[in-house]
Every structure is written in structure tokens, then in C-alpha cells.
Amino acid sequence: MKYDFKQVEPKWQKKWEEAGVFHAQDISDKPKYYNLVEFPYPSGAGMHVGHIKAYSGLEVVSRKRRMQGYNVMFPIGFDAYGLPTENYAIKTGTHPRIVTDRNIEKFTSQLKRVGFSFDWSRVVDTTEESYYRWTQWIFLKMMDHGLVFRDTALVNYCPSCKVVLSNEDSQGGKCDICHSDIVQKSKAVWYLRITEYADKFLEGLETVDYLPNVKQQQVNWIGRSTGAFVNFSLKEIDEKLRIYTTRPDTLFGVTFMVIAPEHPIIEANRDRIRNIDALDAYKEECAKKTEFERTQLVKDKTGVCIDGLTAINPVSGKEIPIYISDYVMMGYGTGAIMAVPAHDERDWAFAKKFGIDIIEVIKGGNIAEGAYTGDGEMVNSDFLNGYTNKKDSIARMLEQLEAEGIGEKGVQYKMKDWAFNRQRYWGEPIPIVHCPHCGIVGVPYEELPLRLPAVENFEPGEGGESPLAKIESFVNCKCPKCGGDAKRETDTMPQWAGSSWYFLRYIDPHNDKALADPEKLKYWLPVDWYNGGMEHVTRHMIYSRFWHKFLYDLGIVPTSEPYAKRTAQGLILGPDGDKMSKSKGNVVDPNDVVDVYGADVLRTYVLFMGDYASAAPWNESSMKGCKRFLDRIGDLVDMISDQSDPKLESAFHKTVKKVSLDIEELKFNTAIASMMDLLNKIYDAGSLTREQLSMLIRIVSPFAPHLAEEMWTDIGGEGFCSLAKWPEWDEAKTVDSTVEVAVQVNGKLRATIALPLNCPKDEAIATAKADPRVAAFVDGKTVIKEISVPNKIVNIVVK
RNA sequence: GCGGGUAUGGCGGAAUUGGCAGACGCGCUAGAUUCAGGUUCUAGUGGGGGCAACUUCGUGGAGGUUCAAGUCCUCUUACCCGCACCA
């Protein structure tokens, strides 16, 4: 039976949609299963086959779960705010709303052509008012709970575009838009206090089933370290310089201090510092350095000694100089460090360059050659001398610091608070009003959504201001508190806002009273399985865990973690082995593949091409193998007979077992391979029973659902194959009565013999020795050892 | 620099977790079908040697443990990903 996929595939897609086959039931007696895939950013380029691979994994799991009797939710939506759309709008003068709608339409049609079993009644679009109203609502809740604050910080600024850029948009120190050099600029920005949840993120990781490397990356990203804060006294000034260190026990080796160029102590003591001009000049130089230069010049330390401020080592009482240098960051710890040149590579390089004393306090290295960062006995350290265990010496020093009131235990995180604004048009307006009397006031909840006003010019303003700043009717408003004249915040939320809670909205997408109904949230949460790209493991995953945990603390969601399980798929590379990109011209459009081969072949191929989690290059001729496979499956309808080869029966049960288990581990390539293997066996046998074919159709259906439905109809199956019962295997039938056992002599394969299942050891060895091919190597020699692993191998060791 | 990972035929990749390396697919070779291209079918296909049965070498490299190593241990090389002056 060769069928015309061009006619058959749309036919079944229509039937599925009309019957609502893939609609999740809100509340049901069936067990629920919530599969989540990362919703796409609807770019103008449309989807490429990488999206198809990303969705095909849980698509197969979802289809299998439905057939196993679960009430499955497998939703899709669009993460539609973002720079590319806005840049396109600037270039062409088309409103981002129009561009977005057009792109969503294109993505939708592409996804539907592939026959994904998404619940299309639950589509969310982050740029719709009914959605971003709740994004703003959650933001205001965070503000109510003290998680929103404003601070002045260094930001990436493109002097050419006059735009503040995120780190993601300024990689390599170049502007993503015009490729000119980025400078660091001081600007007031909004922050979400995500660090408040740092320990909760770490604790939560113990309770979820994420891939080990996913967990590891999150742990590294959070970067928890324990150590101590120490307050250094300053000579002649009643002020302390506070530092953070992980090795307080090296305090006796401190010979100087370094503070970040932006450290406030400089401004506070301007008149006391005699070389303030030199410091200012250095500071300016640092601001000009691009990210690229800063990372390239790691080895070559620069800095200026502060003339006029001197610190005192709190344990030795020695006077030590203070430097400013850009190797100390304002954003980590306190923006100041105690330098221990003998045991820190950066401090060592700095001390060498500036001729500062280097005092050894841990024995074991040669500090004339370089810093020693290993363990060893403490020396030159007064009461710590003789300690050899790091833990003990740190504990002893902490005790001392706390007793004298000059320091205490402390914890630091690499993770920083979340800079939560962009000077851009195409994003959620931040619902805040600046009132000259009341200060910062949140927009009242009943006024949400705070609508994004229509504008004609989307270009950012001078000095990196949002395009919204030019809309007077938007900017000027009344203070919600006092009613006086006030101005609206004109920045918008960053790209990552809308995606931080979309999985909650799927549960109740049309609710206009709440972000979702509590009963429904209780039924559906947590997401049972979330699959996506490794690139989202730190940012998006942490951000959304943050929002979810916050909502949990408020009692809005019933689980402390949003995702019970997280896996990741590998990229599809271009046919040339490079990452697919428009500029390289190696992008494969799924529409082109569907046109020529059909959706079933595309779906099967993206899962067959290699290990699901690894990257693999696109290879069109290899895809032809999948087409052959499906064509040959289709032909089986003509091979039905009342009798079939008895050997096939166990092959069927083995295959059903393998496919069932492999799907659970995302091992689709071997699942498909085992079905191909079975198919070869069927062709060898020449016929199969209707019942066997029914089984095969059902296990093929998650991969090639259109073909499966068509064949299901042909063999008189009831209802939709997509909702038919997933076949079960009979474990007893997956084992053969005789097994092939390899026989080795001295570890080298000499023969294979057929033995009954679970043949006793003695018998197996005797049979093996009787084989002439084995006897040739054994006869006339002394047998030293005989090993027999049941059903696997016999090894005879001779001399 | 830190963290994670990978390395198996001409190619993508398998290998029940220490037990017959190369499943499955692509490609290739020969043959059949075809006016021809494509399709389809049959047989073969890791390297060396041999007409053949067979034999020998073989999982980035060097050692080691074991009756037995792609798999475990030590050292080493190359590449990929994430973070990066994190005190």
C-alpha cells in the first residue's frame, strides 16, 4: 500500500483537530501527565529542523502516554517579545505587533504540518494583553514583597546605537547590532532580588530529576562559597574597609589590599586622597575597556596605589597599602579584597608588578616562582602555626575574628541579582510610577494591564532611553497614591520575563480573574517532564524556578518546584557540520522536507539521526532510509495472513519491550532501529498476522502518526490509532528457549554454540569442549581455568 | 583557569553496563528489474593475509587490573559546551 502523504497527512491532521483528540481535560479521573517543551521565539526566519527535533522527543512521549491512558497536557505557545522583531520593525517601519502576528502564523502552520499533538486550544502569546497583564501582576507582587529594587550599576552601552545592552547582546565586547565597541556606563536599573532564593535553588535541586549536568551547571551558576567578612581598620580615619575572603586563615600573609575602581570609599575620601587625579584617570580607562580586553589581559595586572589611605592588618597590626585595580569586581563580595600574594595567583602577579612583599603562610610551594595554592602547614601565622588542615585553621581564625569583633562567617554567591529592564519598546511595560512626592509607586492591580502604547518610531533615544520616553501621553500620569503629577517608568521588562511563568498559564490560558485557577494548578502541577536546550539551563530555568518559588511562597502555586524532570536535546548541525545559521546558508526548513518526504519521514528522521542528546549533522540521503522504512511498513498491509512464522512472536514482544523502554530514556534512535530490525525479520518470514500488524502500527504511531492512522483504518482498527491502547509485551515471550553462547579459548573467540536457556555450567563447558573448533585449541594442552557465564560466554584458559 | 562532556568502519551511530565490537541506517561494490534516470529487489561490505575453510590486527595514544576491557584504574592527546580576574 503506497499512499500519497500529501493527501493523507493533512486529512488526519484535520480529523484530529475536529475530534479534539489532543485536548487535555481540565479535571479528569485519568492520571495526568504534563509534558513541556520550550516555546519558540517566532523569528522572521521561521522554524528550522532543530525546532522539530526539540519538540519531537516529548511529542513521542506524549503520544505514548495518551495511549497508556493518561490525561496528557502537551501545550505550545510563543515567546514573542524580543529584540530581533524590534530591529526588524526599525529597519522596515512595520509595527512589531504586525511582524509578530505574521511570524506566529507562519510558525503555527509549520508546526501543524508536522502533525505534532499539541493542544492548540491552550496557545499562549506572551505579547498579548491577557498574558502580560499577569506578568506585570507577578512583578507587582514581587515589589510588594521587597524583591524589586533600583540601583545604579555599570551596564553595557553602545555609544553608536546609544543603547544599553544586555550581556547576551554584547558578547565579545561588540554591539550585536552595529558591531562597535561597548563601553561600561553607570546607570540606574531595576533589579529582582533573585539571590534571596539562592539557597532554595540549591535545596530544591535535591528533590528534582534533572540530568546530572543540568544540575551541575545550575550549582556552578549559583556559585555558593563560604568564607568570612573581615573589617580592616584604616589609619587615621574612623572607617572600616570590609572584605570577603574564602581563606581567612591566610590573614597573616596579607601585604596589601585591592578595591574595585568604583568602590565608594574613594568618593567618600576625595579630599584626603593626594593622587585623586590618577585614580580618576584609571577609573575612566577601565570604563573604556571592552569586555574582550578585560578577559584578554588577565595576566597583565594594572592598578594604582591610593596615596592617602592606609589599612591595618587586624591580626599583625602592620600598615598595608591599598590599591585600586579592575581585577577586583564591584559586583562580587564587598568590592574589596585582602591580597595574599603568596597564595593567590592574581595577587602574586600584582605584587610582583608593584614590588610588594610576599609572605608565605602555607608551606609546600616556592613562592619566589609563583603563588602556592595547595594545602600545607601554616607558618608565619602566630597562633595558627602548625595547623595542617585547612578546615581547622579556618575555624580557628573565625573564632578569633568573632571574639575580637573584627569579622564573621559569611556566604557569597556568584549569581547576581537579576537586572530587570531594557531600554526597548517591544517588551512588557514595567508597571511603576515615579512620583516626586511619594517616590516609586506600583501601578494599582486593577489598572493592569498597563498597555504598551502604539508608537511610530521604535528607535531608542539619546543616552539609551527607551522609545517609550518620547510618548508624552504615556509618560505623564497621576500618582496612584497622592494623585499628583507623576511620570511612568519607560523601560520595559527583559526577554526572560514572559517565559518565567508560561507553563502556569497553559493550565488555564483564558482565565481573566487570576493567572490560573488554583484547582487546576493543583491538578496539573508540577510539570512532569520538561525538555529543552542546554543553553537555557542556567538563565531561563533559574529565572522560572525563581518566579515559581516566589508564587509558592505566596500560596498561589501548590509545588515548590515547577519541573519534576528536565532533559535536553542536542542541536541539529547543518549538512556541512557547522551550527545552522542564516548567514552560513545551511539552514534546513522543515517545510521543504515535508514537501518532498512528508511529515512522518521528517519526524522519524530527526529522532533516528543519532543520540537525542547529542548534536548531529543533517544528512538528506540518510533520511531516505527512514522513508524506505515507512514505505515498507505501509506495504505490510498486503502481507497479512492467518499464520505467521512462530519465531516472529518473540521478535514482536522483544521489540515492543525495547521501544517502550527506550522512549522513556529518550533513546529514540535505538527504538526505531529495533523496529527496522523487526521489519527485516517480517520480510524474511514473508507474512504476519493481523494482530501482530496491529501491535506494530501502534508502536510506530508516536513516530509516524499519519501512516499509523491510515493503516489502522485499513486493518479495521477502532477509533483513532492515536488513542488506541499501547501494546504490552509478555516478558516470557521475550526470551528464547535456546541461546547462542560464545566460546573463547584464552580470551579469543573460537566458536559459537547453541545452548538451551540457563544451561548449567558443567554442561555448557562440556558442550563447548566437544566443538571441533574449540577442541583444536584445547587438545594436548593443560586446562587451567574454565569460566562459564550463563547464556553469554564460555572461556577456557589453557597452557 | 574552573566545571561538564566527547573520541568506535567511508559517514550517522549501536553494544543488555566487564562477556561474540561494529546492531540499525546511509554510502559503496556486484547482479536483477528499467529505453534511461530514479525507484525496487538480491548478495557483499572494519583493515591486512588467503581461491577457500580460516587466520591475524582492530574502539584517539601509552601503561595497568582481569579468564575476559570500547566499558574499570593511572598517565596523555585532540576537540566540543558552559562559566570566567568570583577573592
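Labels below follow one simple rule: chain letters A, B, ... track the order of the sequence lines, proteins then strands, and each chain is numbered from 1.
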Provide the distance between the two [atom1] atoms, one in [N] and one in [M], to the nearest whole Å.
| N | M | atom1 | value |
| --- | --- | --- | --- |
| U45(B) | A23(B) | C1' | 15 Å |
| A69(B) | A84(B) | P | 44 Å |
| G64(B) | G48(B) | P | 29 Å |
| C20(B) | G3(B) | C1' | 39 Å |
| U71(B) | C80(B) | P | 24 Å |

Please give the nucleotide sitting opposite [N] as a Watson-Crick or G-U wobble pair, both distances under 3.5 Å, or none.
| N | answer |
| --- | --- |
| A69(B) | none |
| A52(B) | none |
| U6(B) | A78(B) |
| A14(B) | none |
| U40(B) | A32(B) |
| G27(B) | U45(B) |
| G1(B) | C83(B) |

### Task
Could you tell me whether the side chain of D347(A) and the main chain of V340(A) form a donor-acceptor pair under 3.5 Å?
yes
### Task
Have a look at U17(B) and give me syn or anti from its glycosidic angle (syn if within 90° of zero).
syn
### Query
Would G9(B) be called syn or anti, given that syn covers angles within 90° of 0?
syn
### Query
Is any side-chain N or O of K792(A) under 3.5 Å from a base N or O of C20(B), one able to act as donor and the other as acceptor?
no
Contact class for [X] (heavy atom, under 4.0 Å): base, sugar-phosphate, or nothing?
| X | value |
| --- | --- |
| T752(A) | base |
| N795(A) | base |
| Q217(A) | sugar-phosphate |
| A336(A) | nothing |
| F777(A) | sugar-phosphate |
| Q412(A) | nothing |
| D347(A) | nothing |
| K579(A) | nothing |

Take the protein atom [atom1] of [X] and the nucleotide atom [atom2] of [N], then report the distance between them rounded to whole Å.
| X | N | atom1 | atom2 | value |
| --- | --- | --- | --- | --- |
| Y210(A) | G4(B) | OH | P | 20 Å |
| I672(A) | G12(B) | CD1 | C1' | 13 Å |
| K681(A) | C24(B) | NZ | P | 8 Å |
| I542(A) | C83(B) | CD1 | P | 12 Å |
| W618(A) | G27(B) | CH2 | P | 15 Å |
| D631(A) | G25(B) | CG | P | 14 Å |
| M534(A) | G3(B) | CE | C1' | 11 Å |
| Y597(A) | U39(B) | OH | C1' | 12 Å |

#### Entry: Aromatic ring pairing H540(A)/H536(A), orientation class (parallel under 30°, perpendicular over 60°, tilted between)
perpendicular
Just compare [options] and give me whichever is closest to any side-chain atom of [X].
| X | options | answer |
| --- | --- | --- |
| Y327(A) | C20(B), C85(B), C24(B) | C85(B) |
| F608(A) | G4(B), C24(B), U55(B) | C24(B) |
| I793(A) | C85(B), G82(B), C20(B) | C20(B) |
| A673(A) | C24(B), C85(B), G13(B) | C24(B) |
| N220(A) | G3(B), A87(B), C20(B) | G3(B) |
| N619(A) | C26(B), A87(B), G3(B) | C26(B) |
| T246(A) | G19(B), A87(B), C24(B) | A87(B) |
| R750(A) | G82(B), G13(B), U56(B) | U56(B) |
| I337(A) | C26(B), A87(B), C24(B) | A87(B) |

Check this for me, if you would: do [X] and [Y] make a salt bridge, where the nitrogen-to-carboxylate-oxygen distance has to be below 4.0 angstrom?
| X | Y | value |
| --- | --- | --- |
| K654(A) | D736(A) | yes |
| E345(A) | K352(A) | no |
| E786(A) | K769(A) | yes |

### Query
Side chains of Y210(A) and M541(A): closer than 4.5 Å at any heavy-atom pair?
yes
### Query
Does the side chain of Q412(A) come within less than 4.5 Å of F229(A)'s, by heavy atoms?
yes
Quick one: is [X] getting a side-chain N or O under 4.0 Å of the [N] phosphate, OP1 or OP2?
| X | N | result |
| --- | --- | --- |
| N680(A) | G25(B) | yes |
| R628(A) | U40(B) | yes |
| R773(A) | C54(B) | no |
| K785(A) | C67(B) | yes |
| K748(A) | C57(B) | yes |
| Y332(A) | A87(B) | yes |
| R632(A) | C24(B) | no |

### Task
Please tell me which of S622(A) and M609(A) maps to the more 5' nucleotide of RNA chain B, matching each residue to the nucleotide holding its nearest heavy atom.
M609(A)
### Query
Which residue lies toward the 5' end of RNA chain B, V789(A) or N213(A), if each is placed at its nearest nucleotide?
N213(A)
#### Entry: For RNA chain B, the residues among residues 656-670 of chain A that have a non-hydrogen atom under 4.0 Å from it
K667(A), N669(A), T670(A)
For residues 747-760 of chain A, please give each side-chain donor-acceptor pair under 3.5 Å, one per line with the distance, not counting sequence neighbours.
| from | atom 1 | to | atom 2 | distance (Å) |
| --- | --- | --- | --- | --- |
| N758(A) | OD1 | N791(A) | ND2 | 2.9 |

### Query
Does K53(A) count as lying over the ring of Y612(A), i.e. NZ or CZ under 6.0 Å from the six-ring centre, within 45 degrees of the axis?
yes
### Task
State whether F201(A) and R545(A) meet the cation-pi test: NZ (Lys) or CZ (Arg) under 6.0 Å from the six-membered ring centroid, and within 45° of the perpendicular axis.
no
### Task
Tell me yes or no: between the side chains of S660(A) and D662(A), is some donor less than 3.5 Å from an acceptor?
no
### Summary
All heavy atoms of V361(A) vs all of F252(A), minimum pair found to be CG1-C, 3.9 Å
